[in-house]
Amino acid sequence: MGHDQAAGFVLDALEPEEAQEFERHLRLCPTCEDELEALRIAAAALAFAGELPPPRPSLRRRVLAVDAVVLRFRRRWTAPLASAAALAACAALVVGLTDGQRQPGVALDLPAAPAGKVYEIWFVRHGHAVRAGLARAGRNHVGPVPRGSAVAVTLEPAGGSPRPTGPLLMKTETA
Amino acid sequence: MPTVSGFIRGDTGAQSRARNLAHLSDEALLALCSRGDEDALGELYDRYGRVAYGLALRIVRDRALAEDAVQEAFLAVWRSAGAFLADQGKPSTWILTLVHRRAVDIVRREERRRADPLEETDQPTGEATDEEAWLRAQRQVVQEALRKLPPEQREAIELAYYGGFTQSELAEKLGLPLGTIKSRMFTGLKRLRELLAEAGLDVDAP
């Protein structure tokens with residue numbers, strides 16, 4: 001076990017336990033270590049072989065928000081919705097620190113809601129949803145998010161609802 | 001109650017204009033990153049962000065997920081820059097390795113893996129920027145090298161690297177012994193390295 005795993009390792013093609021084992025091997029095997037850098041360069045060069053469309057300019061801002069805590073959206077849809085795909089595509093999440101505290105906020109880019117509907121935002125903790133307000137189309141800032149809460153977005157009838165009734169469009173991990 | 005409106009850096013552009021760091025080496029930029037210099041991270045992103053995003057997009061096939069992969073990879077660059085410098089690898093390789101790993105993790109989690117063959121269309125674009133010219137030249141060299149590999153080696157490498165398949169999954173998918181897959185990947189990747197070296201490929205941004 002060892003040498004023959006080097007290519008799989010640099011291609012990220014090992015199972016997790018194989019990768020761990022190879023990393024242990026690597027510490028004891030200078031030959032593998034030397035060979036690995038050459039294989040890594042070959043693997044990294046593969047990145048250039050396909051189409052390379054430019055990223056959206058907003059990605060640079062996200063990348064540079066390094067002093068942020070990142071909450072990942074779990075993209076789960078509970079109901080089919082015409083704009084669901086569009087929403088997933090434009091929902092950007094940026095979480096920032098305020099006042100030097102680890103107080104995350106969320107930035108949401110939303111498309112226009114379907115006629116007669118609004119997006120409503122909730123802080124969810126232990127399955128209990130607290131109203132956090134209605135969202136507009138475009139950029140919304142939500143926060144600070146209470147510690148231990150997730151942020152959820154539902155689609156509600158115009159004017160909003162006191163409790164979530166519409167389809168859950170997205171939910172973050174817990175802050 | 002603190003407000004979070006406008007906390008996104010760059011929205012107002014008011015605070016600090018990025019300095020021009022174009023003359024610095026990748027290593028120097030990493031050293032600055034390790035000391036908390038965000039302009040240096042921005043410069044690294046300007047050098048490798050596009051290839052990073054293109055790679056991630058190719059693997060995860062979803063714009064938002066590709067952005068997640070790139071963001072997480074650059075966050076790892078930011079946090080581990082100092083530790084990496086001590087290891088003496090190439091920063092460009094390291095960055096692309098991090099992006100690849102994040103993208104593969106995402107695609108395995110989301111189970112959205114696909115394995116289309118590599119498209120070889122060279123799309124004519126309007127006016128080519130320096131970056132585009134460089135990327136196009138790089139792409140040509142790598143595609144040329146891939147074409148020179150025996151097809152079965154190329155297939156194993158591409159399915160693993162772009163498709164996110166593990167070598168065990170590939171053995172099963174292709175109905176071959178695991179050892180065969182391993183040796184195809186190993187021999188192919190070594191040969192690829194030689195071909196790229198002969199062609200003078202450098203993954204560092206110009």
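Since we're looking at a predicted model, the values are computed, not measured. A, B, ... follow the sequence lines: proteins, then strands. Residue 1 opens every chain.
- Atom OG of B:S92 and atom CD1 of A:I41 lie 7.5 Å apart (nearest 0.5 Å).
- Put simply, the side chain of B:R50 gets close to the backbone of A:L52: a donor and an acceptor are under 3.5 Å apart.
- Side-chain contact check for A:L64 versus B:Y45: every heavy-atom pair is 4.5 Å or farther apart.
- Heavy-atom distances place the side chain of B:D46, and not its backbone, under 4.5 Å from chain A.
- For CZ of A:R163, the number of neighbouring non-hydrogen atoms (other residues, nucleotides, ligands) closer than 6.0 Å is 12 at most.
- Contact between A:A6 and B:F186 at its shortest, heavy atoms only, is CB-CE1, 4.3 Å.
- With values rounded to the nearest 0.5 angstrom, B:Y53 atom OH is found 6.5 Å from A:R56 atom CZ.
- Using a 4.5 Å cut-off between heavy atoms, B:L96 contacts chain A through its side chain alone, with no backbone atom that close.
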Test salt bridge (Lys or Arg N to Asp or Glu O under 4.0 Å) applied to B:R102 and A:D12, step by step = CA-CA 10 Å; B:R102 295 306 306 137; A:D12 292 321; over 6 Å; no

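- Scanning both residues, B:K190 and A:E35, for their nearest heavy atoms gives NZ-OE2, 3.2 Å.
- With hydrogens and angles left out, the side-chain atoms of A:E15 and B:Q167 include no donor and acceptor closer than 3.5 Å.
- A:L46 and B:Y162 make their closest contact through O-OH, 2.7 Å (heavy atoms, listed as atom of the first residue, atom of the second, distance).
- Both the backbone and the side chain of B:L41 have a heavy atom closer than 4.5 Å to some heavy atom of chain A.
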Using the side chain to side chain contact (heavy atoms under 4.5 Å, CB included) rule, take A:R40 and B:K90 through it: C-alpha gap first, then chi angles, then the decisive distance, then the call.
-> CA-CA 9 Å; A:R40 272 205 189 102; B:K90 271 165 86 72; over 6 Å; no

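- Between chain A and the options B:G42, B:G36, B:A52, heavy-atom pairs under 4.5 Å are most frequent for B:G42.
- Both the backbone and the side chain of B:V51 come within less than 4.5 Å of a heavy atom of chain A.
- B:L201 and A:A45 make their closest contact through CD2-CB, 3.7 Å (heavy atoms, listed as atom of the first residue, atom of the second, distance).
- Between A:F48 and B:V141 there is no side-chain heavy-atom pair separated by less than 4.5 Å.
- For the pair B:R63 and A:P55, the minimum side-chain heavy-atom distance is 4.5 Å or more.
- A 4.5 Å side-chain heavy-atom check between A:L39 and B:R193 finds every atom pair outside the cut-off.
- Between the side chain of B:Q143 and the backbone N or O of A:A49, at least one donor-acceptor pair lies under 3.5 Å.
- Proximity of a side-chain donor or acceptor of B:Y161 to a complementary backbone N or O of A:A43 within less than 3.5 Å is detected.
- Counting heavy atoms from C-beta outward, B:S183 and A:D4 have side chains that stay 4.5 Å or more apart.
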Could you walk me through whether A:E51 and B:R58 pass side chain to side chain contact (heavy atoms under 4.5 Å, CB included), step by step?
-> CA-CA 8 Å; A:E51 296 287 340; B:R58 174 159 196 177; over 6 Å; no

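- Ranking B:V104, B:T187, B:I181, B:L135 against chain A, the residue ahead of the rest is B:L135, based on heavy-atom pairs under 4.5 Å.
- The minimum heavy-atom distance between B:L189 and A:A42, with the atom names listed, is O-CB, 3.7 Å.
- In plain terms, the two heavy atoms of A:L11 and B:M185 that are nearest each other are CD1-SD, 3.8 Å.
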